[in-house]
Amino acid sequence: MNDVCVVGIGIHRFGRTDGVSGLEQGVVAVRQALCDAGVEWKDIQFAYGASDAAGNPDTMVEWLGLTGVQFINVRNGCAAGGSALFSAQMAINSGQFDLGLAVGFDKHPRGAFNALPSEFNLPDWYGEAGYMITTQFFGTKIMRYMYEHGISSITLGRVAEKAFRNAVHAPHAWRREPVDLATIMSAQMVSDPYTKFMFCSPAEGGVALILASEKKARELGKPIIRLRAATMRTRPPGSFEVFAPSLDINRGWSATKLAASDAFKIAGIGPEDIDVAQLQDTDSGAEIMHMAENGFCRDGEQELWYAKGFTEIDGKLPVNTDGGCLACGEPIGASGLRQVYENVVQLRGDGGGRQVPGKPKTAYSHVYGAPGVSAVTILER
Amino acid sequence: MRFIAERLLTDDTPPRLIGGRNRVSGRIVFPCPSSDEYEPLPLQRHGTLWSYTIQRYRPKSPPYAGPEKFEPWPVGYVELPGEVIVEARLTGVAFEDIKIGMALELTQIPLDSEAHDPVMIFAFQPKDPGDE
């Protein structure tokens, strides 16, 4: 099996870019990544592209060049970007290819995602009654978690406060103004216990990663950043997912726990060995719950972790160093790849005002989406 | 007055939700899947609140079929002991009085309280202490 390295990264700023299509934002990211890797489009042997709502990624060959490259489109909910990356690394891992692209982009209308029951194997009445709402899931999941594990509302606020504070230093982030805790806590309630600052918004953006075999990476003379693990998993019995008319009495694991434990096993390291992490934070409680689901702390310990600042840039495990989904918004196809982009920035030491001190060597990324899909990567410098 | 969908409620008075029990594993779900792997199972009418939130903005239409005029409503998951945890609207309780663990019973409410001939949905309300 070939080791897989990330040799080029590119990003189109997240948020709202009127007049530029999602696909064009993806193209901007690809060109930047090619330039960063020091390769040309004609050198790319294969591509996987992720988009949920902004068109077929393969059509970007019109802009990039009609080289006849193999280009596969991936649509996999919020794990689309992670799935594209997972597929791309397999192509190199197999030994068949040496240089390829994983790209993700999206452009969603304003407001909450507009999901239809039929797309999720659900009856029409479920949507008619008003339950096809992601924020309801986020609210009910954290409400139960707070009840079971003693997490307070102020901790939810601290997650959001950190996100906006970190994003000040991330040029690709959308919301780059700090917001103080009091403002976060007293803002308009959207889905209890969450105020509007505790939810991310659907947004726009594009991210591209150039992957290479280690041999190719050395030829290119790039710093070696290895993809030690990339996993993608679906839900086990007893999980709690978006758009669930019922839940099992016997509670079980989650797709996240499966993807995380697999990734650590493949990489041969544990959560304690990770120096920086990007965790899916569609809502501030998601970051809290995903801390435990990914194995970084035990259920309930987050209360102390956030009070003590353990997840700050200079803490023992910096989490969502670019402000995560809360500050970047969530263009579905691009979101998981943004996390990996940010991890490469951190491992290269290029984080500027948000750089994690102490030259981090390992970086972790995690996405989660409906209805129970999760993708994890572990990078090592 | 009509119910939002068929095959969700039994003909009993008062009606019960119809779940589905997997013929092999015994796993209970709601609603009852149409596949042969599940047999219909009338669920108990009483349970406890497992979790909840308040829907404070109007869901997008489609698919939402509720009235244009929007008032926030509570929605939760209700644990029917030994059976399954079902998602449903909560009714007859002030937002600040909603507590995880509270005893609830099945009822029906109109999707649009001002409609002339309303579509009804299932909901749970605080249990009347005298009702068993």
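Everything numeric here is computed off the predicted structure, so don't read it as measured data. The chains referred to below are lettered A, B, ... by the order of the sequence lines, with proteins before strands, and numbering in each begins at 1. Just the heavy atoms: all of them, side chains too, but no hydrogens, waters or symmetry mates, feed the values below.
Note: Glu128(A) CD to Ile4(B) CD1 = 5.0 Å, rounded to the nearest 0.5 Å. Annotation: the span from Gln55(B) atom CD to Ser191(A) atom OG amounts to 5.0 Å, rounded to 0.5 Å. Taken from CD1 in Ile85(B) to CZ in Arg144(A), the straight-line distance is 7.0 Å, to the nearest 0.5 Å. Rounded to the nearest 0.5 angstrom, Tyr77(B) OH and Lys141(A) NZ are separated by 11.5 Å. Between Phe243(A) atom CZ and Glu87(B) atom CD the span is 10.0 Å, to the nearest 0.5 Å. Separation of atoms CE (Met146(A)) and OG (Ser51(B)) is listed at 10.0 Å; rounding is to 0.5 Å.
Neither the backbone nor the side chain of Phe138(A) comes within contact range of chain B; no heavy atoms are under 4.5 Å apart. Heavy atoms of Pro123(A) lying under 4.5 Å from chain B belong exclusively to its side chain. For chain A, the nearby parts of Arg89(B) are the backbone and the side chain; heavy atoms of each come within less than 4.5 Å. Using a 4.5 Å cut-off between heavy atoms, Leu80(B) touches chain A through its backbone atoms (N, CA, C, O) alone. Contacts of Phe137(A) with chain B are absent, with no heavy-atom separation under 4.5 Å from either backbone or side chain.
A pairwise comparison of heavy atoms in Ile121(B) and Ala129(A) identifies CG2-CB, 4.3 Å as the closest pair. Nearest heavy atoms, Thr140(A) versus Tyr52(B): CG2-C, 3.5 Å. Taking both residues in full, the closest heavy atoms of Met143(A) and Ile100(B) are given as O-CD1, 3.7 Å, listed atom of the first, atom of the second, then distance. Between Phe30(B) and Trp125(A) the shortest heavy-atom distance is CE2-CH2, 3.9 Å. Smallest separation of non-hydrogen atoms from Pro117(A) and Pro63(B): CD-CB, 3.9 Å.
You'll find the side chain of Tyr57(B) reaches within 4.5 Å of the side chain of Ile133(A), heavy atoms only.
Among Pro31(B), Pro72(B), Ser61(B), Gly101(B), the residue with the largest count of heavy-atom pairs under 4.5 Å with chain A is Pro31(B). The candidate with the highest count of non-hydrogen atom pairs below 4.5 Å against chain A, out of Pro59(B), Ala5(B), Pro33(B), is Pro59(B). Listed options Ile142(A), Asn250(A), Leu122(A), Asp248(A) were ranked by heavy-atom pairs under 4.5 angstrom with chain B; first place goes to Asp248(A).
The environment of CD in Glu37(B) is sparse: at most 12 heavy-atom neighbours from other residues, nucleotides or ligands sit within 6.0 Å. Atom CZ of Arg7(B) is surrounded by 12 or fewer heavy atoms from other residues, nucleotides or ligands within 6.0 Å. Residue Asp36(B) qualifies as open at atom CG: its count of foreign heavy atoms under 6.0 Å is 12 or below.
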Applying side chain to side chain contact (heavy atoms under 4.5 Å, CB included), run through Phe95(B) and Asp192(A) and close with a yes or a no. CA-CA 10 Å; Phe95(B) 294 168; Asp192(A) 303 42; over 6 Å; no
